J.: 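For reference, the structure I am asking about is given below.
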There are 2 protein chains.
Amino acid sequence: MTLSAEVKGVDLAADVERMEEPAVSEPEHRRLGRAPSTTHAEISHTALRLFMDRGFDQTTIDDIAREAGIGRRTFFRYFASKSDLPWGHFDVLLDRMRQHLASMSDDLPLMEQLREAIVEFNRVPETEWAYHRRRMDLLLHVPTLLAHSTLRYASWRQVVAEHVARRLELPEHDLIPQTMAWTCLGVCLAAYEQWLADEESTLIDLLDEAFRLIDERIDTSTVQAHRSASM
Amino acid sequence: MTLSAEVKGVDLAADVERMEEPAVSEPEHRRLGRAPSTTHAEISHTALRLFMDRGFDQTTIDDIAREAGIGRRTFFRYFASKSDLPWGHFDVLLDRMRQHLASMSDDLPLMEQLREAIVEFNRVPETEWAYHRRRMDLLLHVPTLLAHSTLRYASWRQVVAEHVARRLELPEHDLIPQTMAWTCLGVCLAAYEQWLADEESTLIDLLDEAFRLIDERIDTSTVQAHRSASM
DNA sequence: TTCACTTCGGCACTGAGTGTCATTAGTATC
DNA sequence: GATACTAATGACACTCAGTGCCGAAGTGAA
């Protein structure tokens, strides 16, 4: 580990702490074997700082590994690809959203369930708003990352489609749940863009607003007829 | 050029002819310089045959270049990346869709315009149905291609959003046109999946059906109120 | 200390994609 | 036909992402 990397490591300590998953408390000591020399979050932060400074394409894995004070080979044990770096604990959040949806009373209209769950999914501590904004800017505007994100969005849509299918008693692969999931994703991404375009805006508010607007435009009454025809 | 490549070249002649853009008639003779030794379509067909035989990831650019009887470097003058291979003349089709939408009477309801334009966009000569099916199967089920497709879909959505914005007299970046474009994309992709899952089905019919179904569920009446509020 | 175990990181490799440049194969002009 | 001009080609060398392999380095327990 180079001197500069050690300095940077200290530099980032506070940020890294904030990003550790708060839900799962780590076992205090690993039973066996050599202790990990870094963390998911530390590498991620180092990398994103470089991305923001000099651009995604101008940053190599070697740069990141050097800056993080780890070997190149070690990098790939923490992240499967360069494009995975900005995603944080997406899987954890997604699981949380799935549980949130499942735990909701079905007395609520479907679109209200979705709105609330999706807004919660996108909630971020106020201390990280600035960071989150720059992170999302990368994800939405760097072509490589934009392309890669498709695969993550597929899991996200799956969660939405599953819930819609259950609520409407339709098969998961049916057109309605699938399209509804695409629409929700579209609403989110359109709201993200509006948020990124206006420094003063708040993501949560924009999302809530967007879903309320769309809600008015989607009428679920014809689903009944469709369901009996398609099953 | 190897012997086997020459044989394959003859083999593919018929297919290549079919895939040449029918709209733009080639100038009979190039004015100046060395004549191209191959075509976009020939490389694409060679590559797709390999992808279908042994898989996308198992096929290297070297394989494709060798099989097409061209140099590796030449390949990259015809295609910017391996992922661009299955896309055919997407830009041309997209332009055609843009023109189609622009040429439509605005007496038609918006969703009918979109349905017709999008269905036409997806029309393919019956002789190519089998080929088209395998091509779409690659595009939708190979992760690398799926990710890459995001960038193409962005242009496609742009065309839809532009039209919706014009029709509803909303800014292009507004939530409604953006979400509408995402929804249309979602409907298409959901219909593609249904089509691929059922050998007997017809893409055009499924798309038409899907858009008619969604149409019933989207009510544009509230747009008026939104427009005056957001402009 | 030794063992079992886990992480680390160096090395060599594959494959995508790019910059450079000499070569080749056409067309136009003399 | 010889020459000049032009455009496509393909060889070479290079960068960078990502992978397989394997020995070395830590760490807790016996």
Side-chain angles (χ1 to χ4, degrees), chain A residues 1-2 5-6 9 26-44 46-47 50-51 54-87 142-148 151, chain B residues 1-2 5-6 9 26-44 46-47 50-51 54-87 142-148 151:
Chain A
M1 189 185 260
T2 66
E6 275 182 299
E26 296 270 322
E28 278 71 24
H29 60 102
R30 299 219 190 300
R31 303 281 150 84
L32 235 42
R34 179 176 177 172
S37 68
T38 184
T39 63
H40 213 75
E42 184 169 349
I43 298 173
S44 167
T46 303
L50 291 176
F51 292 166
R54 52 175 104 160
F56 181 83
D57 291 320
Q58 282 66 49
T59 307
T60 68
I61 307 283
D62 281 303
D63 293 336
I64 299 166
R66 197 179 317 114
E67 198 78 354
I70 57 173
R72 171 188 164 66
R73 194 64 189 79
T74 301
F75 172 87
F76 284 107
R77 290 210 183 80
Y78 283 82
F79 291 91
S81 80
K82 192 180 168 185
S83 302
D84 282 320
L85 279 163
W87 281 93
V142 173
T144 307
L145 292 175
L146 191 58
H148 184 78
L151 309 172
Chain B
M1 187 187 257
T2 66
E6 277 184 295
E26 296 271 322
E28 277 70 25
H29 61 100
R30 300 214 190 298
R31 305 279 150 87
L32 235 40
R34 178 176 177 172
S37 67
T38 184
T39 64
H40 212 75
E42 184 169 347
I43 298 173
S44 166
T46 303
L50 292 175
F51 292 166
R54 52 175 102 158
F56 181 82
D57 292 321
Q58 283 65 50
T59 308
T60 69
I61 306 283
D62 281 304
D63 292 336
I64 299 166
R66 196 180 317 114
E67 198 77 354
I70 58 173
R72 170 189 163 67
R73 193 63 187 81
T74 300
F75 170 87
F76 283 107
R77 289 209 185 82
Y78 283 83
F79 292 90
S81 79
K82 191 179 168 185
S83 301
D84 282 320
L85 280 163
W87 281 94
V142 172
T144 306
L145 293 175
L146 190 56
H148 184 78
L151 307 174

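Just so we're clear, the structure is a prediction, and the values are computed from it rather than from any experiment. Residue numbers start from 1 in every chain, and the chains themselves are labelled A, B, ... in the order their sequence lines are given, proteins ahead of strands.
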J.: Find the distance B:H40:NE2 to D:dT9:P and express it as a whole number of Å.
T.: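 To the nearest whole Å, that distance equals 13 Å.
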
J.: Can you check the B:F79 CZ to C:dT18 P distance for me, whole Å?
T.: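 One finds 14 Å between P of C:dT18 and CZ of B:F79, rounded.
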
J.: Which whole-number value in Å describes the distance from B:I70 CD1 to D:dA11 P?
T.: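 For the pair B:I70 CD1 and D:dA11 P, the rounded distance is 11 Å.
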
J.: Please check the phosphate of D:dT9 (OP1 and OP2 only) for any side-chain N or O of B:S37 closer than 4.0 Å.
T.: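 So the side chain of B:S37 is within the cut-off, an N or O lying under 4.0 Å from OP1 or OP2 of D:dT9.
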
J.: When the distance from CZ of B:R34 to C1' of D:dA7 is rounded to whole Å, what number comes out?
T.: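 Answer to the nearest Å: 9 Å.
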
J.: Only one of A:D62, A:D57, A:D63 clears side-chain hydrogen bond (donor to acceptor under 3.5 Å, both in side chains) with A:T60; which?
T.: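 The option that passes is A:D63.
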
J.: List the steps, then state whether side-chain contact (heavy atoms from CB on, under 4.5 Å) holds for A:W87 with A:S44.
T.: CA-CA 9 Å; A:W87 281 93; A:S44 167; over 6 Å; no

J.: A:I64 versus A:F51: any side-chain heavy-atom pair under 4.5 Å?
T.: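 Touching, per the 4.5 Å side-chain cut-off.
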
J.: Would you indicate whether the side-chain heavy atoms of A:I43 and A:T74 approach each other to under 4.5 Å?
T.: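 They are not in side-chain contact.
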
J.: I want to check something: taking the side chain as every heavy atom from C-beta on, are B:Y78 and B:D84 in contact at a cut-off of under 4.5 Å?
T.: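 With C-beta onward as the side chain, the pair stays apart.
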
J.: Kindly indicate whether the side chain of A:T144, heavy atoms from C-beta on, has any atom under 4.5 Å from the side chain of A:K82.
T.: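 Heavy-atom side-chain distance check fails, nothing below 4.5 Å.
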
J.: Taking only side-chain N and O atoms of B:Y78, does any of them lie within less than 4.0 angstrom of OP1 or OP2 on D:dT9?
T.: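 Checking B:Y78 against D:dT9: at least one side-chain N or O falls below 4.0 Å of OP1 or OP2.
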
J.: Can you measure A:R77 atom CZ to C:dG9 atom P for me and round it to whole angstrom units?
T.: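 It works out to 9 Å between those atoms.
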
J.: Can you give one letter per nucleotide of nucleotides 12-18 of chain D, 5' to 3': B if a protein heavy atom sits under 4.0 Å from the base, S if only from the sugar-phosphate, - if neither?
T.: ----SBB

